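Here the structure comes first, spelled out in structure tokens, and everything after it is commentary.
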Amino acid sequence: MTVPQVTVIGGGMIVHDQILPSLYQMQRQGVIGEISVCASHGRTVKALAEAEGIRRAFPGQSFRPYPGPSGDLDKAHPELYREIIARMPPRNIVVVAVPDQLHYDVVMTALGANQHVCCVKPLVLTARESVVIEQEAYSRGLAVGIEYHKRFDDRSLMARRRYRAGLFGDFRLGAACLLEKWYYRHSNFQNWFTAENSDAFVYIGCHYVDLVHFITGLLPVSVSVYGIRDKFPNGNEGFLWTDARVIWSNGACLNVQNALGFPDEGPGTNTQGLVLYCAGANNGALLSHSDQYRGLKYSYTSKSSDPGSTIYAEPSPDYFQYVDLGGPGLVPVGYGYRSIDYILRACVRVESEPDLARRQQALKELDAAGVMATPANSRYNEQVIEAARESILNGGQEVRLRG
Ligand SMILES: NC(=O)c1ccc[n+]([C@@H]2O[C@H](COP(=O)([O-])OP(=O)(O)OC[C@H]3O[C@@H](n4cnc5c(N)ncnc54)[C@H](O)[C@@H]3O)[C@@H](O)[C@H]2O)c1
């Protein structure tokens with residue numbers, strides 16, 4: 001694989017906001033070749049292909065759309081991805097960006113066709129499935145990178161180095177929150193983000209559970225999640241507000257609050273942050289990140305038509321922005337881009353090894369480095385999800401993580 005081709009399965013919000021622009025930038029740099037996108041409906045890939053912001057940033061670049069532009073755009077093609085993956089030459093890359101409960105089937109289909117995988121978080125919803133994925137990928141010398149992009153925020157990497165150098169002592173008590181805006185309830189979420197599939201903690205709380213491990217190296221041991229059921233506009237019911245308590249291997253306790261409920265008129269695209277109170281030998285230590293307010297205050301003359309946009313805004317320069325570096329088009333910057341870039345380059349690196357034994361050695365090195373989340377080094381996330389689902393469906397009782 002000199003220049004791999006990349007097939008994205010899924011064409012929703014995360015593909016539009018982060019994945020496709022990142023892939024186009026890598027294509028522009030010659031790191032990857034042809035890009036295909038397969039969604040379940042023709043209208044999804046059509047809208048993605050016509051998205052104005054992406055076209056402006058990447059004039060002249062395009063992807064192969066599946067389903068194709070002819071035919072009934074509203075017809076569902078839930079199995080098409082199997083055919084599209086099967087058609088790929090082996091040992092290229094599949095990016096998985098479908099709803100959480102479909103990840104396992106799509107990842108296994110990609111591995112079965114000998115493709116490296118970049119999967120949006122959470123990899124899967126059970127630890128057992130993540131073990132199967134790990135074994136399947138390792139036996140074939142294929143990389144699986146899980147896209148926890150907060151890891152590539154420089155502040156996370158700064159905190160990790162300092163925590164692991166002992167500058168914060170030992171984490172004891174902490175609080176994290178990530179509340180997406182209310183308008184999310186009106187999106188495609190209402191079709192899959194329902195009480196039997198997911199909840200606000202599993203969907204977005206996992207970012208901060210992952211980050212606390214990433215920074216401290218500690219492992220979660222038990223979790224309790226209290227969830228409040230609310231109705232989506234289409235009448236479906238979901239746990240749209242959650243309050244979780246995660247206990248860690250050193251006895252530390254992290255409270256995590258999540259919701260699809262931050263006011264649409266609030267500044268920023270969401271609200272989020274992390275505070276860890278820690279203990280040194282003779283004093284306390286503090287690690288506090290405002291991940292929503294990053295120092296920018298803008299008040300515009302009018303608001304755009306984008307959902308959730310406001311006149312007064314506190315935009316994050318750090319996750320994903322397009323900047324004008326003289327063209328042609330615009331350049332995506334931020335940890336959203338860096339995360340995709342890191343994972344795809346890791347796939348390329350593994351594939352560049354000459355034989356299976358060396359590829360497996362490269363996979364072990366990625367697991368051990370712990371920068372990119374892999375099935376082997378981030379299984380605690382699936383364990384937390386499993387325990388969290390059990391807890392939330394049982395009124396918030398504490399559930400210990402199982403292996
Ligand atoms: N911060 C993050 O890391 C982050 C943010 C947003 C979403 N995500 C993850 O990304 C995934 C998708 O989320 P989203 O916000 O883009 O959701 P979305 O509802 O906007 O999009 C889901 C997409 O999956 C496609 N899809 C569904 N079934 C399919 C099938 N059988 N074959 C092909 N395509 C199919 C749909 O066509 C749609 O394009 C979820 O797993 C979510 O947890 C991660």
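Being a predicted model, the structure only gives us computed values, none of them experimental.
Judged by distance alone, with hydrogens and angles left aside, the side-chain atoms of T242 form no donor-acceptor pair with the main-chain N or O of Y226 at under 3.5 Å. Between the side chain of S391 and the main chain of A388, no donor-acceptor pair closer than 3.5 Å is present. Remark: the backbone N or O of G308 is paired with a side-chain donor or acceptor of K181 at under 3.5 angstrom. One N or O on the side chain of H103 and one on the backbone of L123 form a donor-acceptor pair closer than 3.5 Å. Without hydrogens or angle criteria, S139 side chain to E136 main chain gives a donor-acceptor distance under 3.5 Å. In this structure, the side chain of H116 engages the main chain of A143 through a donor-acceptor pair within 3.5 Å. Distance alone, capped at 3.5 Å, is enough to place a donor-acceptor pair between the R151 side chain and the G370 backbone. Without hydrogens or angle criteria, Q27 side chain to G33 main chain gives a donor-acceptor distance under 3.5 Å. Listed for the T216 side chain is a donor-acceptor partner under 3.5 Å among the backbone atoms of V212. Of the possible polar contacts, none joining the T194 side chain to the E196 backbone as a donor-acceptor pair under 3.5 Å is found.
For the residue pair E147 and S339, a side-chain donor N or O sits within less than 3.5 Å of a side-chain acceptor on the partner. Judged by distance alone, the side chains of D210 and N381 do bring a donor and an acceptor atom under 3.5 Å apart. Judged purely by distance below 3.5 Å, without hydrogens or angles, the side chains of Q361 and E353 never pair a donor atom with an acceptor atom. Judged purely by distance below 3.5 Å, without hydrogens or angles, the side chains of N114 and R140 pair a donor atom with an acceptor atom. Of the N and O atoms on the side chains of R400 and S222, not one donor lies less than 3.5 Å from an acceptor on the other residue. Donor-acceptor pairing under 3.5 Å is lacking for the side chains of D367 and Y138. Between the side chains of D153 and S156, not a single donor N or O lies within less than 3.5 Å of an accepting N or O. At a cut-off of 3.5 Å, with distance as the only test, a side-chain donor of Q257 or D243 sits close to an acceptor on the other residue.
Listed by chain and number, the residues in a side chain to side chain contact (heavy atoms under 4.5 Å, CB included) with A51 are H16, I54 (sequence neighbours excluded). By the salt bridge (charged side-chain N to carboxylate O under 4.0 Å, His left out) test, D341 pairs with R345, sequence neighbours left out. Remark: R82 pairs with E79 by the salt bridge (charged side-chain N to carboxylate O under 4.0 Å, His left out) rule, at least two apart or across chains. With sequence neighbours left out, the salt bridge (charged side-chain N to carboxylate O under 4.0 Å, His left out) criterion links K303 to E265.
Taking CG of L254 as the reference point, atom CG of L276 lies at 7.0 Å (rounded to 0.5 Å). To the nearest 0.5 Å, atoms CD1 (I392) and OG (S198) are separated by 9.0 Å. Of the inter-residue distances, the one linking L179 atom CG with L240 atom CG reads 11.5 Å to the nearest 0.5 angstrom. Distance SG/C253 to CD1/I247: 4.0 Å, rounded to 0.5 Å. Here the straight-line distance linking atom CE of M88 with atom CD1 of I93 works out to 8.0 Å at 0.5 Å rounding. For the atom pair CG (N236) and CZ (R185), the distance works out to 13.0 Å, reported to the nearest 0.5 Å.
With a 4.5 Å cut-off on side-chain heavy atoms, W248 and V209 count as touching. Residues N234 and N191 are in side-chain contact: their nearest non-hydrogen atoms beyond the backbone lie under 4.5 Å apart. Between C118 and V95, the closest side-chain pair of non-hydrogen atoms falls below 4.5 Å. The side-chain heavy atoms of S40 and L80, taken from C-beta on, include no pair separated by under 4.5 Å.
Note on residues 338-383: pairs passing ring pair (Phe, Tyr, Trp, His ring centres under 6.0 Å), not counting sequence neighbours, are F152-Y342, H213-Y380. Sorted by first and then second residue, the ring pair (Phe, Tyr, Trp, His ring centres under 6.0 Å) pairs with a member in residues 343-366 form an empty list; sequence neighbours excluded.
In summary, K121 and D100 do not engage in a salt bridge, as defined by a charged side-chain N under 4.0 Å from a carboxylate O. For E314 and R294, the salt-bridge test fails: no basic side-chain N is under 4.0 Å from an acidic carboxylate O. K150 has no carboxylate O lying under 4.0 Å from a charged side-chain N of D318, or vice versa, which leaves the two without a salt bridge.
Between F171 and Y163, the distance from one ring center to the other does not fall under 6.0 angstrom. When ring centroids are compared, F193 and Y203 come within the 6.0 Å threshold.
A side chain to side chain contact (heavy atoms under 4.5 Å, CB included) with L111 is found for one member of V106, V117, I85 and no other, namely V117.
Other residues, nucleotides and ligands contribute more than 12 heavy atoms inside 6.0 Å of the CD atom of Q29. Within a 6.0 Å radius of CZ in R64, no more than 12 heavy atoms belonging to other residues, nucleotides or ligands are found. Applying the 6.0 Å contact sphere to CZ of R164 captures more than 12 heavy atoms from other residues, nucleotides or ligands. Within 6.0 Å of the CZ atom in R358, the count of heavy atoms belonging to other residues, nucleotides or ligands does not exceed 12. Atom CZ of R28 has more than 12 heavy atoms from other residues, nucleotides or ligands within 6.0 Å.
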Evaluate the side chain to side chain contact (heavy atoms under 4.5 Å, CB included) criterion for residues D105 and Y81: first the C-alpha distance (whole Å), next the side-chain angles of each, then the deciding distance (0.1 Å), finally the verdict. CA-CA 10 Å; D105 279 345; Y81 73 86; 3.7 Å; yes
Under the salt bridge (charged side-chain N to carboxylate O under 4.0 Å, His left out) criterion, do R402 and E390 qualify, and how do the steps go? CA-CA 12 Å; R402 286 186 287 268; E390 187 178 331; 2.8 Å; yes
Taking it one step at a time, do D199 and R389 satisfy salt bridge (charged side-chain N to carboxylate O under 4.0 Å, His left out)? CA-CA 8 Å; D199 55 73; R389 292 300 300 163; 2.5 Å; yes
Starting from the C-alpha separation in whole Å, work towards a yes-or-no answer on side chain to side chain donor-acceptor pair (under 3.5 Å) for Y183 and D306. CA-CA 11 Å; Y183 76 84; D306 294 340; over 6 Å; no
Evaluate the criterion salt bridge (charged side-chain N to carboxylate O under 4.0 Å, His left out) for residue pair E134 and R379; output intermediate values, then yes/no. CA-CA 10 Å; E134 179 195 344; R379 182 154 308 117; 2.5 Å; yes
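In this pair, Y148 and H207 present their aromatic rings perpendicular. The plane angle is above 60°, beyond the 30 to 60° band. A tilted orientation is assigned to the rings of H149 and Y319, their planes being inclined by 30° to 60°. Ring planes of Y300 and Y298: perpendicular class, angle over 60° (limits at 30 and 60°).
Between L274 and A176, the closest heavy-atom pair is CD1-CB, 3.9 Å. The two residues N258 and L178 make their nearest non-hydrogen contact at ND2-O, 3.1 Å.
By the 6.0 Å and 45° rule, R160 stacks over the aromatic ring of F214.
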